[in-house]
Amino acid sequence: MFALVDCNNFYVSCERVFNPKLEGKPVVVLSNNDGCCVARSNEVKALGVQMGAPWFQLKDLARQHGIIALSSNYCLYGDMSNRVMTILRDFSPNIEVYSIDESFLQIDGLIGVWKSYGEMGQAIRQKIRIWTGLPVCVGTGAGSKTLAKLANHLAKKRPEFDGVCDLTSLTEMQQAEYFASLDIGEVWGVGRQISARLRSMGIENVQQLRQACPKQIRLHFGVVMERTVNELQGMSCLELDEVAPANQQIIASRSFGAPVVTYDELRESVTSYMLRAAEKLRRQHSMCSAVHVFIHTNRFREQDAQYSNGVTVPLTEASSDSRRLVAAVLHGLKSIYRPGYLYKKAGVMLLDLTPAAVRQQLLFREENPRSDKLMQTMDLLNREYGRNTVSLGSAGIQQRWAARFESRTPRYTTHWDELPHARS
DNA sequence: TCTGGGGTCCTAGGACCC
DNA sequence: TCTGGGGTCCTAGGACCC
């Protein structure tokens, strides 16, 4: 059994916690450069403003209705998010933080603690409201994550649920009725393209999709949609991912407030993006063996000459060292930069990421071909306790690695006897 | 004048191997 | 004269998510 807890209008709600005067007023939070709306209060949604709408197109509407626009403050939102997730961990030990404003909870054994999943949902809502000031909705009593998402949607849209929709409290008939009222586009994993194709097949609401034959769907849409249909039928295909896996790629990019022309300006931006990206890389204890850099002109200005290009630069050796990564990325930038264009956006990507510990093990294996028994043991422990739990820890070996990596030896040196159950 | 910034997974097709 | 059958790995592109 799953529950999905999702904060309402998250960024706007965070702002309201610290500025109660915004309560009840139409508020939007804007993206970088105050470009697009990335969060809307209910009052703004009621005016028909879409997610991602360009702010400059809304100026008239904003004047008419007194819409208040705020620049985004991601530090604040991240902090508030942590508070919410901490509270949720009190309710279930098994939680997957799915995004900044929502989490899945596994709630199987908890029905002994609460009278119903609905009661549990209300308790969650109240506690988060009191402790953080944030409003949340809960979809609960769902046999799959996809159903939990839908239940949450109902909790948000249908006032009769009072913010908590417990699917187990509904009869099969009631469920069918509610699902029939929902557009397929509301289903997790069904976006614009797939909606259109499903519609052309006569499948327009969730109930119809739920009754579709998974094998048929697979034929038309592939294995991902097949899973979605199975999930809608209550067969759970998506597990709870409690430990967030390390990122497979890291991006840092920005649009410029004003167009950029010279190489020097681009170089400065790209350098700072790379420093940010490299920081993220080290925070997750990875190394990367290729970097990508890209630049674009403004695609919305059709009257301007357009140019966009990107290049991937392989590194001779995996690294997390800022200087090396910056050097590589500037090398790439030089090769794609063309003078005479008005650049609007630039960015870097770190690719081919490997956990530093795994990288060390590979090197060690190269240098010590007869150590397979040791490596097997380490693999076993890493499988048991999670990746990167153990690595090779003797001082001599560490020194050799340090020499190889020149700077910053990644710190994966847990000693075996510090592990829980080390003896067994 | 002004249009965000991150991520993931799957598939098809080509190169290459024996 | 006749030209198989089984793989892997990589990449680009498309779809989706928040």
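Protein chains get the first letters and strands the later ones, always in sequence-line order, with residue 1 at the start of each. Reckoned from all heavy atoms, side chains included, excluding hydrogens, waters and symmetry mates.
Note: NZ (Lys345(A)) to C1' (dT3(B)) measures 11 Å, nearest angstrom. For the pair Leu350(A) CG and dG5(B) P, the interatomic distance rounds to 17 Å; values are reported in whole Å. The CZ-C1' distance, from Arg254(A) to dG5(B), rounds to 7 Å in whole Å. For the pair Gln306(A) CD and dT3(B) C1', the interatomic distance rounds to 13 Å; values are reported in whole Å. Here dG5(B) presents its C1' atom at 12 Å from CZ of Arg299(A), a figure rounded to the nearest Å. Atom P of nucleotide dG4(B) and atom CZ of Phe294(A) are separated by 12 Å, given to the nearest angstrom. Taking atom CE of Met51(A) as the reference point, atom C1' of dG5(B) lies 11 Å away to the nearest angstrom. Atom CD1 of Ile250(A) and atom C1' of dG6(B) are 11 Å apart (whole Å).
Projected onto DNA chain B by closest heavy-atom contact, Pro54(A) and Val224(A) fall at different nucleotides, the more 5' of which corresponds to Pro54(A). Mapped onto DNA chain B by nearest heavy atom, Gly222(A) and Phe56(A) fall at different nucleotides, with Phe56(A) at the one closer to the 5' end.
Within a 6.0 Å radius of CZ in Arg299(A), other residues, nucleotides and ligands contribute 12 heavy atoms or fewer. No more than 12 heavy-atom neighbours from other residues, nucleotides or ligands sit within 6.0 angstrom of CD on Glu302(A).
When the side-chain nitrogen and oxygen atoms of Arg301(A) are compared with OP1 and OP2 of dC2(B), one or more of them lie within a distance under 4.0 Å. A close approach under 4.0 Å does occur between a side-chain nitrogen or oxygen of Ser253(A) and OP1 or OP2 of dG6(B). Side-chain nitrogen and oxygen atoms of Gln248(A) include at least one within less than 4.0 Å of the OP1 or OP2 phosphate oxygen of dC9(B). For dC2(B), the OP1/OP2 oxygens have no side-chain nitrogen or oxygen of Asn33(A) closer than 4.0 Å. For the pair Lys280(A) and dG7(B), the criterion of a side-chain N or O lying under 4.0 Å from OP1 or OP2 is met.
Remark: Arg301(A) engages Asp304(A) in a salt bridge, criterion side-chain N to carboxylate O under 4.0 Å.
A centroid separation of 6.0 Å or more is found between the aromatic rings of Tyr117(A) and Phe2(A).
The shortest non-hydrogen separation linking Tyr343(A) to Phe256(A) is O-CD1, 3.6 Å.
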Give the B/S/- string for nucleotides 11-18 of chain C, one per nucleotide from 5' to 3', where a protein heavy atom under 4.0 Å of the base yields B, of only the sugar-phosphate yields S, and otherwise -. ----SSSS
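Within 4.0 Å (heavy atoms only), Asp34(A) reaches no atom of the nucleic acid at all. At a threshold of 4.0 angstrom between heavy atoms, the contacts of Ala252(A) are confined to the sugar-phosphate backbone, with no base atom among them.
A cation-pi arrangement, defined by a distance under 6.0 Å to the six-membered ring centre and an angle within 45 degrees of its axis, is present between Lys145(A) and Phe104(A).
Using the Watson-Crick or G-U wobble rule with both distances under 3.5 Å, dG5(C) pairs with dC18(B).
Side-chain N or O atoms of Arg40(A) include none that pairs as donor or acceptor with a backbone N or O of Lys45(A) at under 3.5 Å.
With Leu134(A) as the partner, the side chain to side chain contact (heavy atoms under 4.5 Å, CB included) test is satisfied by one option alone out of Met80(A), Arg129(A), Arg83(A), Arg125(A): Met80(A).
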